[in-house]
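Single-structure report; data block below.
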Protein chains: 2
Amino acid sequence: MRSDCPLNYGIEIFCDKWSLLIIRDLMFFGKRYYNEFLGSDEHIATNLLADRLAMLEKEKIIRKARDAQHKQKIVYSLTEKGIDLLPVILTIGLWSEKHATIELNPNRDIILSDAKKNLSKGIKKITKRLIAQHSK
Amino acid sequence: MRSDCPLNYGIEIFCDKWSLLIIRDLMFFGKRYYNEFLGSDEHIATNLLADRLAMLEKEKIIRKARDAQHKQKIVYSLTEKGIDLLPVILTIGLWSEKHATIELNPNRDIILSDAKKNLSKGIKKITKRLIAQHSK
DNA sequence: GCTACCGCTTGTGTTTTGCAAGTAGTTAAA
DNA sequence: TTTAACTACTTGCAAAACACAAGCGGTAGC
């Protein structure tokens, strides 16, 4: 770790381009399987996906489990530590909507609509949903 | 740009380890000069600092100006677009304080104290201060 | 028993990073 | 007025990370 600054701690752990997109996929797009992450618009390379999933699991931001139905499949889900990244994800999204210089996908406005009205309330509402969706 | 997702937009622009630390230094530690950024605990390399400052200026997150007193010096400051990154920085800090597995610098708690009490109010209060400090 | 699918791993070339050294212009002191 | 120090960088190079393609061992269905 480069320093003991609280900001630096989070930055070093999850602030790379791919980790945050994986967390986004888990939070908002219902993705749970390796192949689903591979299929996202940003086209992560398979070796990098494997690397990031292992790192996020090691940091206890996500967890792995075998799928009950299909035994060859592995289900990824967010831990409480991972769900707590919601405010970070939402504030990045709100900043982007305000300041983007390219045209953004309007279908994804829905992700931010709760947070746009009232940040703290939006965080609480979506957190509740995520806890329900990602509890073991 | 890898996709038109609003989350991806912000992530691609400022989510690298050094850019966010430079923004932190501008927001909370009163740093304004090249040498001051070089002196931070995390020890950014000088070529990377030059690269990131140029990128952040191009993205209009920071601005450059000659120092009025010392003509050889260049003052960096946050634009409105840069100040609007405050919620991102604060939520990363709050997450780190809650979940860090290493011992963090207690002297830096002060940065997060306003946000800890009430996130939205803390954002407003610190934003006001930053606007005062970084207006041309 | 063949074929397809699943979550990866491996190999290779390119890009980015990290470190050290150097540079052009400016200021301060001798 | 020369000189030394300071400023914001630039350059060179080795090591690490990334991006792309191909391959691989273990299910699962037919």
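No experiment lies behind these values; they were computed from the predicted model shown. Below, chain A is the first sequence line, B the second, and so on; all start at residue 1.
- Taking atom CG of residue B:Asn47 and atom P of nucleotide D:dA14, one finds them 15 Å apart after rounding to whole Å.
- Atoms CZ (B:Arg32) and C1' (D:dT7) sit 18 Å apart, rounded to a whole Å.
- Ion pairing between B:Glu97 and B:Lys116 holds under the 4.0 Å rule for side-chain N and carboxylate O.
- In this structure, a donor-acceptor pair under 3.5 Å is absent between the side chains of B:Tyr9 and B:Ser3.
- Of the charged side-chain nitrogens involved, none lies within less than 4.0 Å of a carboxylate oxygen, so that A:Glu80 and A:Arg63 do not count as a salt-bridged pair.
- Here D:dA8 presents its P atom at 14 Å from CD1 of B:Ile44, a figure rounded to the nearest Å.
- Within the structure, a side-chain polar atom (N or O) of A:Asn35 is placed less than 4.0 Å from OP1 or OP2 of C:dG7.
- Applying the 4.0 Å criterion to OP1 and OP2 of D:dC18, one finds that A:Trp18 has every side-chain N and O outside that range.
- B:Glu12 has a carboxylate O that lies under 4.0 Å from a charged side-chain N of B:Arg2, or vice versa, which qualifies the two as a salt bridge.
- The distance from atom CG of B:Leu49 to atom C1' of C:dC19 is 15 Å, rounded to the nearest whole Å.
- Between the CG atom of A:Leu53 and the P atom of C:dC6 there is a distance of 16 Å, given to the nearest Å.
- The side chain of A:Tyr33 approaches C:dG7 more closely than any other nucleotide in the set C:dG7, C:dA20, D:dA22.
- A heavy atom closer than 4.0 Å to some atom of DNA chain C occurs in B:Lys71, B:Gln72, these being the qualifying members of residues 59-75 of chain B.
- The existence of a salt bridge linking A:Arg52 and A:Asp16 is confirmed by a sub-4.0 Å separation between a basic side-chain nitrogen and an acidic carboxylate oxygen.
- Spacing between atom OH of B:Tyr34 and atom C1' of C:dT23 amounts to 13 Å, rounded to whole angstrom units.
- Of the possible donor and acceptor atoms, none in the side chain of B:Ser40 sits under 3.5 Å from a partner among the backbone N and O of B:His43.
- Using a 4.0 Å heavy-atom distance criterion, B:Arg2 is classed as a sugar-phosphate-only contact.
- D:dA16 atom P lies 20 Å from atom CG of B:Asp16, rounded to whole Å.
- Between B:Arg108 and B:Asp41 there is a salt bridge, since at least one side-chain N of the basic residue sits less than 4.0 Å from a carboxylate O of the acidic one.
- Atom P of nucleotide D:dA8 and atom CZ of B:Arg52 are separated by 19 Å, given to the nearest angstrom.
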